[in-house]
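First up is the structure itself, then whatever we jot down about it.
Atoms within a ligand are numbered from 1 in the order they appear, just like the ligands themselves. Computed from a predicted model, the values in this text were never measured in an experiment.
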Amino acid sequence: MSILDETFQLNNGNQIPKVAFGTWRLKDGDEAYQAVAAALKIGYRHIDTAFHYFNEPSVGQAIKDSGIKREDIFLTTKLPAEIKNHDDILKNFQESLDRLQTDYVDLYLIHAPWPWADINLDYRYDGANREAWQAMEEIYKSGRAKAIGVSNFDVHDLKNIQQIWSVKPAVNQIEFYVGWTQPKIAAYTKSLDIQLEAYSPLATGGLATQPDIQKIAEKYQVSVPRVALKYVLQKNVLPLPRATKAEHVKSNAELDFEISAADMEVLDKLPDTGQARHNVTMG
Ligand SMILES: NC(=O)c1ccc[n+]([C@@H]2O[C@H](COP(=O)([O-])OP(=O)(O)OC[C@H]3O[C@@H](n4cnc5c(N)ncnc54)[C@H](OP(=O)(O)O)[C@@H]3O)[C@@H](O)[C@H]2O)c1
């Protein structure tokens, strides 16, 4: 069985395919359409998009044209980080459904606890996030999102909505790759039985030629990205790789090997070479 057919169970009992296809930076139109169509053809059944990727129309069209039954595809989209009030959330959610040409999503996430412009400001949106979570619960209870969750939430942000939630988030999607595994929020998320998802599992491409991972990759006779993705999965974290090159899309799903415990320890100790700009509240 391919990894693309395997699932994790979410805390509401729903199944979520263990590897997703990421769509950030894929331009609406031919680029996003072709990439998603190719991923579905190869066997990916979990697609991760967001209002803010501005490609929901092409993602929805590719899903529709694939001929695959809607219920056989797990589709995630995200609420814009700037939008925190009840009425605007419900309106935005419906607009996402319309653009995706579907009447439900499998997972709806709050994209971030802070508006993007405030990403590194030492300011919290606690009241706004509690209001947003209540609207997310309303959407969940309407059945139009089969699961709800958060993204970029740190321990403080999760504890903040924990005060009021009647539905626990099913997922927390955070930046997570070899060298940047955010131990505090990762452990807290797992302790609540919330599925951790790894965004930028290849450090937005920065890990593709990482020399320390290369040594391990040679041992297993696989590519560096395959080691990086398998590392994430062996931590029970769900990777969301993005790729436009067909050979990348295909090889990223060839993960039928096991990294030894000793090599996992070596990978655990590697420094962050991703050169990404991290959110300062995480860690
Ligand atoms: N929630 C959030 O705030 C958030 C933030 C960032 C990302 N995300 C999600 O996470 C997804 C993935 O993160 P990301 O977009 O930063 O990128 P990523 O998956 O970490 O890396 C993508 C880059 O790696 C390259 N690549 C992929 N497979 C490869 C392979 N086998 N060999 C060599 N190079 C390879 C791709 O090149 P080619 O295109 O040339 O194939 C692309 O340049 C996003 O698309 C999005 O869905 C969420």
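The closest side-chain donor-acceptor pair between Tyr177 and Asp272 falls under 3.5 angstrom. Counted by atom type alone, Glu56 and Ser96 present one or more donor-acceptor pairs between their side chains at under 3.5 Å. Side chains of Lys27 and Asn55: a donor-acceptor N/O pair is absent below 3.5 angstrom, by distance only. Defined by atom type and a distance below 3.5 Å, a donor-acceptor pair is present between the side-chain atoms of Ser166 and Lys141.
The shortest N/O to N/O separation between Thr244 and ligand 1 falls below 3.5 Å. In terms of polar-atom proximity, defined here as any N/O pair under 3.5 Å, Ser223 makes no such contact with ligand 1.
Shown in contact with Ala203 at under 4.0 Å from a heavy atom are these atoms of ligand 1, numbered in order with element: 20 (O). For ligand 1, the atoms closer than 4.0 angstrom to any heavy atom of Asp48 are 9 (C), 46 (C), 47 (O). Near Pro201, with a cut-off below 4.0 Å to any heavy atom, the atoms of ligand 1 are 12 (C), 19 (O), 20 (O). Within ligand 1, the atoms closer than 4.0 Å to a non-hydrogen atom of Ala243 are 27 (C), 28 (N), 39 (O), 41 (O), numbered from 1 in the order shown. Every atom of ligand 1 is numbered from 1 in the order shown, and the set under 4.0 Å from a heavy atom of Trp24 is 6 (C), 7 (C), 14 (P), 15 (O), 16 (O), 44 (C), 45 (O), 46 (C), 47 (O). Heavy-atom proximity to Pro241, at under 4.0 Å, picks out these atoms of ligand 1: 19 (O).
Regarding atom 41 (O) of ligand 1, its nearest protein heavy-atom neighbour is His248 ND1, 2.6 Å. Looking at atom 7 (C) of ligand 1, its nearest protein heavy atom turns out to be Tyr199 CD1, 3.6 Å. In this structure, the protein non-hydrogen atom closest to atom 28 (N) of ligand 1 is Asn252 ND2, 2.9 Å. Nearest protein heavy-atom neighbour of atom 24 (O) of ligand 1: Gly205 CA, 3.4 Å.
Between Asp154 and Arg124 there is a salt bridge, since at least one side-chain N of the basic residue sits less than 4.0 Å from a carboxylate O of the acidic one. We find that Asp48 and Lys78 are joined by a salt bridge, their nearest charged nitrogen and carboxylate oxygen being less than 4.0 Å apart. Lys159 has no carboxylate O lying under 4.0 Å from a charged side-chain N of Asp126, or vice versa, which leaves the two without a salt bridge. Ionic pairing of Lys269 and Asp212 is not present here: no N-O contact between side-chain nitrogen and carboxylate oxygen is shorter than 4.0 angstrom.
Here Val224 has no heavy atoms under 4.0 Å from ligand 1, in either its backbone or its side chain. Contacts between Tyr53 and ligand 1 below 4.0 angstrom, taking non-hydrogen atoms only, involve the side chain exclusively. The proximity of Ser251 to ligand 1, defined as any non-hydrogen pair under 4.0 Å, is limited to the side chain. Residue-level proximity to ligand 1 for Asn152 is carried by the side chain, the only part with a heavy atom below 4.0 angstrom.
The CG atom of Leu158 lies 5.0 Å from the CG atom of Asn172; values are rounded to the nearest 0.5 Å.
Ring to ring, Tyr44 and His46 are not that close: their centroids are 6.0 angstrom or more apart.
Atom 26 (N) of ligand 1 has its nearest heavy-atom neighbour, among Leu240, Asn172, Leu202, Leu26, in Leu202. When Arg242, Lys245, His111 are ranked by how near their heavy atoms come to atom 43 (O) of ligand 1, first place goes to Arg242. The option with the heavy atom closest to atom 1 (N) of ligand 1, from among Ser200, Ser151, Pro225, is Ser151.
Just one of Trp24, Trp116, Phe51 meets the ring-ring contact (aromatic ring centres under 6.0 Å, His included) condition when paired with His111; it is Trp116.
Looking only at distances, a side-chain donor or acceptor of Lys168 sits under 3.5 Å from a matching main-chain atom of Leu192.
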